[in-house]
Protein chains: 2
Amino acid sequence: MDDEPDQRPEGRASRRASKTRQRLLDAALYIFNTKGVEGCAIEDITESADVGKGTFYRHFMDKQDALRTLLDFAADDLIKRMPPEQSPAISFEDRITQLIQAHLTFFTERSDLFLLFLQGQTMVATRSAAVPGLHAPYARYIGAIETRIAASLPATVLPEQKRQIASLLAAAACGPVTVGLSISSSKHDVIKTLDLARQSLLAGIKQVLLK
Amino acid sequence: MDDEPDQRPEGRASRRASKTRQRLLDAALYIFNTKGVEGCAIEDITESADVGKGTFYRHFMDKQDALRTLLDFAADDLIKRMPPEQSPAISFEDRITQLIQAHLTFFTERSDLFLLFLQGQTMVATRSAAVPGLHAPYARYIGAIETRIAASLPATVLPEQKRQIASLLAAAACGPVTVGLSISSSKHDVIKTLDLARQSLLAGIKQVLLK
DNA sequence: AAGTTTGTTGACGATGTAGTCAGTAGCGAC
DNA sequence: GTCGCTACTGACTACATCGTCAACAAACTT
């Protein structure tokens, strides 16, 4: 017991390995967003990462494993942009603005991750049976929104309503991106629509709550 | 010139052919929503339709051709549920409610078509280069919404804003479905969230317009 | 009925892809 | 140096899938 058991060795070799793993993830993200998750071959990824094909299988079980890793990472990135869970109680207007803002910077700074996130969201939504084990990041995502709005909502709001409002917020933040890009709006237009969605959501929730 | 040149022959043979084509489309819709558009083989479709593989290629160029046909059909179905284009001028509140309602019945009555519609929307949004020729139904869809809200909006609204409000409405109608199903909400919950989105959109647009 | 056209079939060649594995290269311990 | 270990490689097997086509079947025409 001379040193911590969970200490990483961190030699040059293992550093090289993580670098390779990261190169593979970067390449996979790029390829998934270019040819599509199901439309691409493992070799497309390894080719793009400039590593041998076998190397992929040293780091990931299969394509879905890499996808899961990326979706987890995307969800983490998005959640990290949200206000801290135990931040001071502020008005729900401000809280909602903060949450939409998190999506907005996620979109502007990591649109590649956001696009994959949306791609996965639709895969899970439209054919969850075909993509086992991919729902987790989306459950975490909605959970993160829910806990962040919970404290700012009036105590009279039912738990079930909180989940609904969280869904509504996610829809207001994700929907305009999918719709906007599907009709080839510019990034700028998407951002404007997102802001419109924010305003609309604010007014809407206020009214729904007061009812 | 004894009869119209564009008259269909409509013999037993061609009726049989259209029936086969329809069986293939039904099967394709089912398979696309089960295994995914890119995750399925042509034979999955012909197997499910119980026809020979070659028959598929007599009716469609390839998988994308069948997908395009289905997405066109889905957009038509959805647009047909909207109020008629030249219906009497009513308040935009009512018009928006009508439009959301159209999505709602589309979801309840043809969720298979809606799910494929959403799948295609994300394909086009996230990697349009990989799916050429699939944007058309979505452009028609947004156009349909736009013309239907145009007459009910104040004359002071800029054309550019109309397109934005149309996008917002589409997002409010599609977003909750994708988000809801991705976190495995029940159909009933999705419908409730859709109604919440309608109320929120009403309040929101009202406020945005008055600003 | 014989001939023509249209629709359907499934076996086939060509190609693509997944996942493996024996072999190589680089690193770290001694 | 050399030994062991870990990371990496890409040729290889096995299998899936594409799109074609010659043969067959059904429906029309004369």
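To find a chain, count down the sequence lines: A is the first, B the second, and so on, and within it residues start at 1.
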(request) Report the residue (A/V51 or B/K53) whose heavy-atom-nearest nucleotide on DNA chain D is the more 5′ of the two. (result) A/V51
(message) Quick check: on DNA chain D, is the nucleotide nearest B/I42 upstream (toward 5') of the one nearest A/D50, or the reverse? Name the residue that is more 5'.
(response) A/D50
Using distance only, find each side-chain donor-acceptor pair of residues 40-60 of chain B under 3.5 Å and give its atom names and separation, not counting sequence neighbours.
residue	atom	partner	partner atom	Å
B/D44	OD2	B/A41	N	2.8
B/T46	OG1	B/E43	O	3.2
B/T55	OG1	B/G52	O	3.4

(request) Pick out which of A/R140, A/R95, A/K162, A/R163 makes a salt bridge (Lys or Arg N to Asp or Glu O under 4.0 Å) with A/E146. (result)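 Looking at A/R140, A/R95, A/K162, A/R163, the match for A/E146 under the salt bridge (Lys or Arg N to Asp or Glu O under 4.0 Å) is A/R163.
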(message) For a quick check of understanding: with a heavy-atom distance under 4.0 Å over all strands, which category does B/R58 fall into, base, sugar-phosphate or nothing?
(response) base
(message) Ring of A/F32, cation from A/K63 - is the NZ or CZ under 6.0 Å from the centre and inside 45° of the axis?
(response) no
(message) With heavy-atom distances below 4.5 Å as the criterion, would you say the side chains of B/T178 and A/T178 are in contact?
(response)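 No, their side chains stay 4.5 Å or more apart.
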(message) Are there over 12 heavy-atom neighbours, none belonging to B/K35, within less than 6.0 Å of that residue's NZ?
(response)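 No.
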(message) Please tell me whether A/H103 and A/Y141 form a close aromatic pair, meaning their ring centres lie under 6.0 Å apart.
(response) yes
(request) Walk along DNA chain D from 5' to 3' and tell me the first and last nucleotide with an atom closer than 4.0 Å to a non-hydrogen atom of chain A. (result)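 Going 5' to 3' along DNA chain D, contacts run D/dA7 to D/dG10.
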(request) Give the C-alpha distance, both sets of side-chain angles, the deciding distance and a yes or no for side chain to side chain donor-acceptor pair (under 3.5 Å) between A/D94 and A/Q98. (result) CA-CA 6 Å; A/D94 288 347; A/Q98 286 177 338; over 6 Å; no
(message) Quick check: on DNA chain C, is the nucleotide nearest A/G39 upstream (toward 5') of the one nearest B/T55, or the reverse? Name the residue that is more 5'.
(response)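 Whichever sits nearer the 5' end wins; that is B/T55.
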(request) Locate the shortest heavy-atom distance separating B/A173 from B/L194; write the atom from each residue and the value. (result)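 Nearest pair, atom of B/A173 first, then B/L194: O-CD2, 3.4 Å.
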(request) Tell me, please, the opening and closing nucleotides of DNA chain C, 5' to 3', among those with an atom under 4.0 angstrom from a non-hydrogen atom of chain B. (result)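 Both ends considered, the range comes out as C/dG7 to C/dG10.
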